[in-house]
Amino acid sequence: MSQITFQLRQLVQRMWFLPAAFSLIAVLSIAIAWFLARFAPETLPFTMPSNGVMSILTILASSLLTVAVFALSTMVSALSSASASTSPRAMPLITGDRSAQTSISVFIGAFLFSIVGIIGLSAGLYSEAGRLFLFVVTLGVVVLVVTALIRWIGQISAIGRVGQTIDRVEKATCDALAMVTDPPNFDCQLQLVAPQGSPLFADSVGYVQHVDASELQRLAQENQLTIAITARPGAYVAPNRPLMRIEGVVSEKLVEELVGAFVVGDSRTFYSDPRFGLVVLSEIASKALSPGINDAGTAIDVIGTLVRVLVDRQPIEPPAASRHALVSAPPLDPRDLIEDAFRPIARDGAASIEVVLRLLAGLNTLAFASPALKQPALAMARDAAARARQALTAESDLKTLEAAAAFAEEG
């Protein structure tokens, strides 16, 4: 994906984008109704009095402002609730919810449509044909508003709930895993040995959000370079952590172009960074295990979600022929995936035998289902069992723990 496509994708996901787009469409629909009226025949089958259209638009304008404010306040409450009960890092997934954004956008767009229509009618800009066209468009807006209201009633019961937030993070993580497996490794050569060459560093300190591998390949071809990416999306780059290593001669201008192929921001994003999704899921489980919440059920649910995500993950195989043959990228380390997903849960849930048993069962499943994850899963199981031995006090719990952790020692 190019830089422009990535930036546009980030722009479209902003919460204000859809309301702004619907507002623009609302204003354009008013202008289009006025323009089409110029081509209408002189005699019409029926006419619409100005006060008739005005009354409908007035009702829409007076009611939709209240509805829009209520919808926005509901969204803010849902965000606050989700942030307190799950993880603040999951908020972009809720604010980027297309269904909720669409409903709010319809309310705001219809309100602006009503205001502009009232102004046009009050100023006498519409002829008889124009009022007829405006009336038809107004009926369409009423249908959209009613549909959006019905949809919103079904949405407000789920927005910000823990279960829905977990589902959204799971989907974002699965999508990110798919991004790095299709095509494999950003369609770059798989980096199997330590990269060589001169290091290039980012202009700012932060997290890599996107890498334009196509741009790096183009620059490598034009300047006879070999590029080894050392910072995947999600990596923290600083003066001692390079973005890439270059084999070849580079000028200052070329360095700027190479560094410009990376997007570095203040925070991580879910896009093409599956480890971040695993971290957020683990944070949700840790929050549930905190003394103030003490919800072991949510932690167990998250463990099941993490196991499902990692079992469904497709291992990255070295590609037969990469489109970006002059660019190499490091693969995802299976040990990092396991530690990101389960180490916080093993730490915070060590004193709960129910959580520990479910954690060990999940790690046993991963060790059996994925050869790449087997050794990291067994190592994490041994670590979780060691933590639980120190935290549990009941003799019966310790016996149950030893039976459940036997597979880790045998493996």
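Index from 1, following the sequence.
At least one side-chain heavy atom of V205 sits less than 4.5 Å from a side-chain heavy atom of Y236. A heavy-atom distance below 4.5 Å is not found between the side chains of S63 and T66. Two residues are said to be in side-chain contact when any heavy atoms from C-beta on lie closer than 4.5 Å; V142 and L60 meet this criterion. By the 4.5 Å heavy-atom criterion applied to side chains, L254 and N223 are counted as neighbours. Between I246 and T226, every side-chain heavy-atom pair lies at or beyond the 4.5 Å cut-off. Counting only heavy atoms from C-beta outward, the side chains of Y207 and T269 never approach each other to under 4.5 Å. Side-chain contact between S290 and I293 is present, with heavy atoms from C-beta onward closer than 4.5 Å. Proximity of H210 to F262: side-chain heavy atoms (C-beta onward) are nowhere separated by under 4.5 Å.
Remark: side-chain polar atoms of S87 are not paired, donor with acceptor, to backbone N or O of I284 under 3.5 angstrom. Q209 places a side-chain N or O within donor-acceptor distance of the main-chain N or O of S267, the cut-off being under 3.5 Å. No side-chain donor-acceptor contact under 3.5 Å links E283 to the backbone of T86. The backbone N or O of A194 sits less than 3.5 Å from a side-chain atom of Q196, completing a donor-acceptor pair. Between the side chain of R232 and the main chain of A329, no donor-acceptor pair closer than 3.5 Å is present. Checked by atom type and distance alone, the side chain of Q191 never pairs as donor or acceptor with a backbone atom of A228 at under 3.5 Å. S114 places a side-chain N or O within donor-acceptor distance of the main-chain N or O of A110, the cut-off being under 3.5 Å. With T298 contributing its side chain and A288 its backbone, the two residues share no donor-acceptor pair below 3.5 Å. Looking only at distances, a side-chain donor or acceptor of D333 sits under 3.5 Å from a matching main-chain atom of R335. A donor-acceptor contact shorter than 3.5 Å is absent between the side chain of R89 and the backbone of V280.
Of all non-hydrogen atoms in G234 and D273, the two that sit nearest each other are CA-OD2, 3.1 Å. Closest approach of I59 and S62 over heavy atoms only: O-OG, 3.0 Å. When all heavy atoms of A213 and V327 are compared, the pair lying nearest together is O-CG2, 4.5 Å. Between T393 and L398, the closest heavy-atom pair is O-CD1, 4.5 Å. Of all heavy-atom pairs between V237 and A231, the closest is CG1-CB, 3.7 Å. Taking both residues in full, the closest heavy atoms of I227 and A220 are given as CD1-CB, 3.9 Å, listed atom of the first, atom of the second, then distance.
Within a 6.0 Å radius of CG in N240, more than 12 heavy atoms belonging to other residues, nucleotides or ligands are found. Atom CD of Q224 sits in a sparse spot, with 12 or fewer heavy atoms from other residues, nucleotides or ligands closer than 6.0 Å.
With rounding to the nearest 0.5 angstrom, the CD atom of E170 is 9.0 Å from the CG atom of D301. Annotation: the span from M380 atom CE to R387 atom CZ amounts to 7.5 Å, rounded to 0.5 Å. Of the inter-residue distances, the one linking L337 atom CG with L177 atom CG reads 7.0 Å to the nearest 0.5 angstrom. Atom CG of L281 and atom CZ of F342 lie 10.0 Å apart (nearest 0.5 Å). Atom CG in L243 sits 9.5 Å away from atom CD1 in I229 (nearest 0.5 Å). Between the CZ atom of F368 and the NZ atom of K374 there is a distance of 10.0 Å, given to the nearest 0.5 Å.
Ion pairing of R382 with E409 is absent here, as no side-chain N (NZ or NE/NH1/NH2) approaches a carboxylate O to less than 4.0 Å. Salt bridge status for K171 with D167: absent, with no side-chain N to carboxylate O gap under 4.0 Å. The existence of a salt bridge linking K399 and E402 is excluded, since no basic side-chain nitrogen approaches an acidic carboxylate oxygen closer than 4.0 Å.
In this structure A386 satisfies the side chain to side chain contact (heavy atoms under 4.5 Å, CB included) test together with R389, sequence neighbours excluded.
Using a 3.5 Å distance cut-off with no hydrogens or angles, the side chains of S214 and H324 do pair a donor with an acceptor. Judged by distance alone, the side chains of S328 and Q189 never bring a donor and an acceptor atom under 3.5 Å apart.
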*Decide yes or no on salt bridge (Lys or Arg N to Asp or Glu O under 4.0 Å) for D383 and R343, but give the supporting numbers first.*
CA-CA 8 Å; D383 179 73; R343 184 163 58 185; over 6 Å; no
*Would you check, one step at a time, whether the test side chain to side chain contact (heavy atoms under 4.5 Å, CB included) holds for D175 with Y271?*
CA-CA 8 Å; D175 291 344; Y271 182 75; over 6 Å; no
_L258 vs L225, side chain to side chain contact (heavy atoms under 4.5 Å, CB included): CA-CA, chis, key distance, verdict_ = CA-CA 11 Å; L258 289 167; L225 304 175; 4.3 Å; yes
*Quick one: do I338 and L310 satisfy side chain to side chain contact (heavy atoms under 4.5 Å, CB included)? Show the steps, please.*
CA-CA 9 Å; I338 293 295; L310 292 174; 4.1 Å; yes
*Test log, rule side chain to side chain contact (heavy atoms under 4.5 Å, CB included), inputs D336 and R275*: CA-CA 8 Å; D336 291 337; R275 290 184 59 188; 3.5 Å; yes
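Here salt bridge (Lys or Arg N to Asp or Glu O under 4.0 Å) pairs that include residues 77-88, with residues two or more places apart or in two chains, number zero.
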Show every donor-acceptor pair shorter than 3.5 Å between a side-chain atom in residues 345-363 and any protein atom, with sequence neighbours excluded, or say none if there are none.
residue : atom : partner : partner atom : Å
D348    : OD2  : S286    : OG           : 2.9
S352    : OG   : E354    : OE1          : 3.3

